[in-house]
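Taking it in order: structure first as structure tokens, then the write-up.
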Amino acid sequence: MVSKNLLRLGCTALASIFAGVALAYEIDRVDPPFWWQGMVHPELQLMVYGDGVGVLKPEVDAPGVTVTRVVRVDSPNYLFVYLHIEEEAQPGEFDIVFRHGAAALTYSYQLLRKNPDASHTRGFDTSDAIYLITPDRFANGDTRNDNIDGMGDKVDRQQWGGRHGGDIAGIRAALGYIEDMGFTAIWLNPLLENAMPSYSYHGYSTTDYYRVDPRYGSNVAYRDLVAAAKARGIGVIMDMIVNHIGSEHPWMDDLPTRDWINNDGKFVITSHERTALIDPYASQADIQAFADGWFVDTMPDLNQRNPLLADYLTQNAIWWIEYLGLAGIRMDTYPYPDKHYMTEWTRRVMQEYPEFNVVGEEWSANQPTVAYWQRGKENHDGYVSYLPSLMDFPLQEAMRAALLQEETSFTGWVTLYRSLANDFLYADPNSLVIFPDNHDMSRIYTQLGEDYDLWRMAMLYVLTMRGTPQIYYGTEILMSNRASGDHGLIRSDFPGGWPGDKKNAFIGKGLSRQAREAQVFLKRLLNWRKAHDVVHDGSLMQFNPQNGVYVYFRYDEDEKVMVAMNKGKQAVSLNAARFAEMLTGHASGRDVITGKTLPVTDTITINARDVLLLELE
């Protein structure tokens with residue numbers, strides 16, 4: 001295991017024996033591999049790993065760097081060293097001397113200078129439109145890394161749950177397409193090492209928190225991708241997981257402490273009953289059954305109540321933010337880790353990077369459950385959160401239902417209208433991330449019965465509604481998963497991303513007429529949205545749906561936009577007087593989708609199963 005860890009490290013700092021006395025211990029790995037001077041939080045935890053290193057005594061003789069405490073744990077092969085990095089500490093290398101008796105060993109550690117430019121880590125916001133990518137299924141830009149010696153789960157594109165070979169190089173080659181479509185941010189499903197024997201392509205079974213999986217590329221390739229994207233005005237959002245690891249993580253062979261993994265390191269499935277965390281009447285047993293349970297037996301559940309593990313995970317997030325220059329983090333399964341740890345994790349991240357953004361996944365259609373976790377929410381139990389944003393699952397569910405339901409007084413558009421009316425429950429509804437689908441659910445085209453008209457309504461709604469929109473790769477070409485909800489099929493290969501593909505969505509080759517039409521439609525909306533602040537930060541007014549038509553307005557001091565969607569089979573003439581609050585002073589509106597100018601002083605006609613996006617003039 002020692003030699004394996006040394007290979008996994010890939011760090012330039014190496015231990016050396018001196019003073020003429022051979023030391024019988026080896027330092028195989030130090031996490032994090034390097035750090036930065038100038039951080040707001042001056043304390044740095046080093047996890048030192050190697051055979052028997054737990055008995056060593058570390059010393060540092062460097063200006064501005066002090067050893068403040070040393071923690072020895074159950075395993076003799078770990079040593080936790082805490083350093084205080086003062087403002088006067090100089091970037092560069094310094095030696096940590098590890099002593100045992102008369103013997104000593106040095107480890108050269110590197111301190112870099114924190115990037116002073118706020119734009120280096122400025123977070124995504126409502127002006128952005130996010131493109132969600134599952135890297136293994138998007139584009140294979142370097143076939144040489146499809147299979148790596150010593151790693152299982154070889155490429156097999158015939159298996160829905162197998163690896164298909166998409167990588168960082170493929171994403172980087174597609175940046176021009178992403179920019180041209182009108183997206184300004186990309187959220188990448190996890191790229192870190194998943195050295196699992198099978199079903200590793202999704203990336204949610206981390207086996208090394210500091211290493212990009214070599215089948216995707218390298219840490220440097222990831223950093224270069226972020227820089228290349230940023231040069232095109234595209235920010236990168238990193239998918240992170242602190243709730244669990246993969247069962248092949250080296251920790252599982254040598255746990256630092258006995259309580260590192262929940263349920264004594266044994267598989268006990270989670271109840272998934274997230275409501276227990278906000279229920280004023282919940283039993284402690286139900287809370288523990290949810291928070292301490294595992295997803296599956298290959299995903300050991302981490303115990304963030306262990307302060308050493310908590311520090312490790314928090315520092316890892318900050319390390320990646322600074323190293324890559326990220327525009328955001330999407331935190332997987334946000335409520336599943338210890339809730340008090342998540343407060344501290346988010347506080348530390350936002351303390352270090354006040355202009356950063358983090359969006360948490362709380363998969364619940366219940367608005368109070370989602371609202372509980374947002375920064376600024378005054379909760380019944382006094383729980384304080386620092387999380388800026390959440391995925392708006394309630395609105396996604398309401399939109400899907402509204403589009404599929406028959407129009408009655410209680411179903412159809414009114415479902416969405418009433419869901420949006422509950423925004424008063426959120427501390428900041430405009431900071432939510434809204435979406436038609438994602439990598440964990442059937443594609444929206446499938447959810448809507450492959451009805452193109454309903455798909456257009458969903459796209460228009462997501463791109464003109466409050467919040468930051470997120471679109472899953474392939475949505476622009478009507479990718480579907482038919483009747484099967486298998487995640488591997490949902491995350492199908494993007495056509496044109498592999499050598500020899502007969503279809504190429506990057507250039508429109510081989511697409512059906514409707515798929516090409518959809519791509520053009522979404523591109524027009526995205527690029528229009530990019531240039532119109534009114535749908536980024538403008539106010540919102542909605543009108544009670546009537547006759548199968550839902551109407552709302554986005555407006556500010558400079559601009560006003562009317563959105564109308566007709567699910568019915570007949571054209572509808574809207575009485576302009578009903579919308580006088582918004583239409584007074586306007587004689588016409590230009591339809592962004594068709595380019596036509598329509599009068600808005602008397603009646604406004606919207607065709608059957610059609611949409612209008614009017615810039616009022």
Side-chain angles (χ1 to χ4, degrees), residues 1-6 8-9 11 15 23-33 43-60 67-83 96-101 103-105 107 109 193 195 205-211 241-268 270 288 291-295 297-317 319 336-338 340-341 344-345:
M1 181 177 178
V2 171
S3 59
K4 178 181 178 182
N5 276 349
L6 183 58
R8 293 158 61 90
L9 178 59
C11 181
L23 195 59
Y25 306 98
E26 295 183 25
I27 295 177
D28 298 325
R29 175 166 183 146
V30 175
D31 286 345
E43 188 176 61
L44 171 63
Q45 178 210 74
L46 299 180
M47 175 191 276
V48 182
Y49 180 78
D51 285 347
V53 299
V55 300
L56 302 181
K57 180 182 178 181
E59 298 175 356
V60 172
V67 176
T68 55
R69 58 190 171 113
V70 177
V71 182
R72 307 180 199 285
V73 292
D74 299 325
S75 169
N77 303 319
Y78 293 89
L79 187 69
F80 290 85
V81 180
Y82 282 82
L83 304 178
I96 306 174
V97 179
F98 293 89
R99 299 187 184 278
H100 186 240
L105 141 73
Y107 190 93
Y109 196 78
E193 183 192 271
S205 297
T206 310
T207 57
D208 191 327
Y209 274 104
Y210 283 96
R211 186 195 191 201
I241 314 104
V242 299
N243 179 66
H244 55 265
I245 54 175
S247 55
E248 296 301 308
H249 194 294
W251 285 340
M252 298 306 294
D253 293 328
D254 188 2
L255 291 176
T257 67
R258 285 186 288 270
D259 66 348
W260 205 254
I261 304 295
N262 281 322
N263 288 302
D264 297 320
K266 299 179 179 63
F267 172 60
V268 177
T270 176
Q288 186 174 349
D292 289 2
W294 300 21
F295 271 78
D297 60 357
T298 56
M299 292 182 174
D301 199 71
L302 295 172
N303 175 23
Q304 301 84 17
R305 293 181 296 274
N306 182 304
L308 298 173
L309 175 58
D311 287 341
Y312 182 94
L313 295 172
T314 301
Q315 284 187 175
N316 179 256
W319 191 89
Y336 281 79
D338 180 74
H340 301 293
Y341 167 71
E344 179 60 11
W345 179 90

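No hydrogens, no waters, no symmetry mates; every other heavy atom, side chains included, goes into these values.
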**Prompt:** What do the steps show when you test Asn77 against Asp28 for side chain to side chain contact (heavy atoms under 4.5 Å, CB included), and what is the final call?
**Reply:** CA-CA 10 Å; Asn77 303 319; Asp28 298 325; over 6 Å; no

Short question: side chain of [X], backbone of [Y] - any donor-acceptor pair under 3.5 Å?
X	Y	value
Gln304	Leu302	yes
Gln315	Pro32	no
Asp74	Pro256	no
Glu59	Arg99	no
Tyr78	Asp254	yes
Asn263	Asp292	yes
Asn303	Asp259	yes
Arg72	Leu56	yes

**Asked** Is a side-chain donor-acceptor pair under 3.5 Å present for Asn306 with Thr257?
**Response** yes

**Message:** Heavy-atom count check: over 12 atoms from other residues, nucleotides or ligands less than 6.0 Å from Arg258 CZ?
**Reply:** no

Looking at side-chain heavy atoms only, is the closest gap between [X] and [Y] below 4.5 Å?
X	Y	result
Asn243	Asp301	yes
Val242	Tyr341	yes
Val81	Ile96	no
Arg29	Asp208	yes
Gln45	Val71	no

**Request:** In sequence, state the C-alpha distance, the side-chain angles, and the governing distance for Asp51 and Glu26, and then conclude on side chain to side chain contact (heavy atoms under 4.5 Å, CB included).
**Result:** CA-CA 6 Å; Asp51 285 347; Glu26 295 183 25; 5.7 Å; no

Minimum heavy-atom distance between [X] and [Y], given as atom pair plus value:
X	Y	result
Pro33	Trp319	CG-CZ2, 3.7 Å
Gly246	Pro300	C-CD, 3.8 Å
Ala104	Val97	CB-CG1, 4.1 Å
Val67	Pro58	CG2-O, 4.2 Å

How many angstroms lie between [atom1] in [X] and [atom2] in [Y], if you round to the nearest 0.5 Å?
X	Y	atom1	atom2	value
His244	Thr298	NE2	OG1	8.5 Å
Met252	Glu248	CE	CD	9.5 Å
Thr270	Trp294	OG1	CH2	12.5 Å
Trp260	Ser75	CH2	OG	10.5 Å

**Message:** I want to know whether Phe98 and Tyr25 have ring centres closer than 6.0 Å.
**Reply:** no

**Prompt:** What do you reckon, are the aromatic ring centroids of Tyr312 and Trp251 less than 6.0 Å apart?
**Reply:** yes

**Request:** Tell me, please, whether Tyr82 has Arg69 positioned over its six-membered ring: NZ or CZ under 6.0 Å from the ring centre and within 45 degrees of its axis?
**Result:** yes

**Request:** Return the orientation label for the His249 and Tyr209 ring planes: parallel under 30°, perpendicular over 60°, tilted otherwise.
**Result:** tilted

**Request:** Carefully, step by step, assess Met47 and Leu308 under the rule side chain to side chain contact (heavy atoms under 4.5 Å, CB included).
**Result:** CA-CA 9 Å; Met47 175 191 276; Leu308 298 173; over 6 Å; no

